[in-house]
Structures are given as structure tokens and as C-alpha cells.
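Below is one structure, written out as C-alpha cells, with a few remarks after it.
Given the structure is predicted, the values throughout are model-derived calculations rather than measurements. The first residue in the sequence is number 1, and the count goes up from there.
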Amino acid sequence: MRKRSWGFVAVGLLVALVLAGVVSNYASSHPDGLDSSLLRGCTVNADDEITGGSCPAQQAKDHELADSPLADYGIRGVDNGFLSTGLSGVAGVLLTFAVGGGVFWLLRRRGPADAPGGGQPPADAPGAGQPPADGRHTGDRQSAGTAG
């Protein structure tokens, strides 16, 4: 990857880390559209606990990963809510970046030097050891039609 691309990736990662670590703490605590639609028909108090009525949210259960270290937008064991939410966001960004970077690294386009045999034809291949048909040598860095 070129230096300019690395700079772009680094700035993007930094922005994502700041958004996940700081700005995520200021997200709305009110239920989203799905939660709101599941609460229709029920009465809820100020803490969004169901106090009466009948709605699909009453049948909701905790999922299997509810006691995992990163459950419920926080890190288990960190008592400060602001810090817990920020750290879980940063951990999520870093994990996503690592998995995505690993996948892209595995699927990257390899140049001829990375190919088996170093990009050179086998010694017994037709035309092996001869200059290209356009008359340039493979070591030349000049493009066709320019004088050196």
C-alpha cells in the first residue's frame, strides 16, 4: 500500500475511534423504532420498564450472549458508564478493523513478484531469457517512446 493510502486509513481509523469512544456516549437512550413498536399496547414508566398492558415486548428474553464481556453496549466489570460505553466502542472498532484488515490482506491483489517462481517464466519456457518483443529490457524504468 502506498504512503498516502496508509495516511487515509490511519485518519479514518482515528475518526472511527473518536466517534466510538466519545460520541457514542451521547447517543439517544430512548427506544428505537423496533423497540417502540414492540412496546405498543403496554404502559411503561420513566425507566422504560413495562408496568401494564399487553405487548410483544413482555415475551422478550435475554439472549445467550447477555452475560458476555461486551453485552449491552458496555464492558462488564467497568462501573463507570461513560468509560464502559466508550471502551466497548473502541474495542468494537479495533476488532472490526482487525477482521476487515485480515480479510483484505488475505484477498489482496498480488503482483508478479509475489507469484510462485518470483514472476519469472520457467527456464524451459519458450522465449525464456529473451528481451520482450517491444525491444525494452525488463529492468528499464523508462516508458516506451521516451529518450533517456
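- Residues L87 and L70 fall within the same hydrophobic cluster, defined by Ile, Leu, Val, Met, Phe, Trp and Tyr side chains chained together at heavy-atom separations under 4.5 Å.
- There is a path of hydrophobic side-chain contacts, each under 4.5 Å, that joins F97 to V90.
- Within the 4.5 Å cutoff, the side chain of T51 has no heavy atoms near those of the V44 side chain.
- Within the 3.5 Å criterion, the main-chain N or O of D67 finds a donor-acceptor partner in the side chain of R76.
- Taken together through direct or relayed side-chain contacts under 4.5 Å among Ile, Leu, Val, Met, Phe, Trp and Tyr, F82 and L19 form parts of separate hydrophobic clusters.
- Rounded to the nearest 0.5 Å, atoms OG1 (T43) and CD1 (I50) are 9.5 Å apart.
- Around the CD atom of Q59, the shell of radius 6.0 Å holds more than 12 heavy atoms that belong to other residues, nucleotides or ligands.
- In terms of heavy-atom proximity, L38 sits nearest to P56 at O-CD, 3.3 Å.
- Between atom CG of residue L65 and atom CG of residue D72 there is a gap of 12.5 Å, rounded to the nearest 0.5 Å.
- Although no hydrogens or angles enter the test, the distance criterion places no donor-acceptor pair under 3.5 Å between the side chain of S36 and the main chain of G33.
- Other residues, nucleotides and ligands contribute at most 12 non-hydrogen atoms within 6.0 Å of the CZ atom of F8.
- Of all non-hydrogen atoms in G74 and S84, the two that sit nearest each other are CA-OG, 3.2 Å.
- Residues C55 and R40 fail the side-chain proximity criterion, which asks for heavy atoms closer than 4.5 Å.
- Side chain of Q58 to main chain of G53: a donor-acceptor pair is present (N/O by atom type, distance under 3.5 Å, no hydrogens or angles).
- Other residues, nucleotides and ligands place more than 12 heavy atoms under 6.0 Å from the CG atom of N45.
- One hydrophobic cluster, built from ILVMFWY side chains closer than 4.5 Å, holds both L83 and I75.
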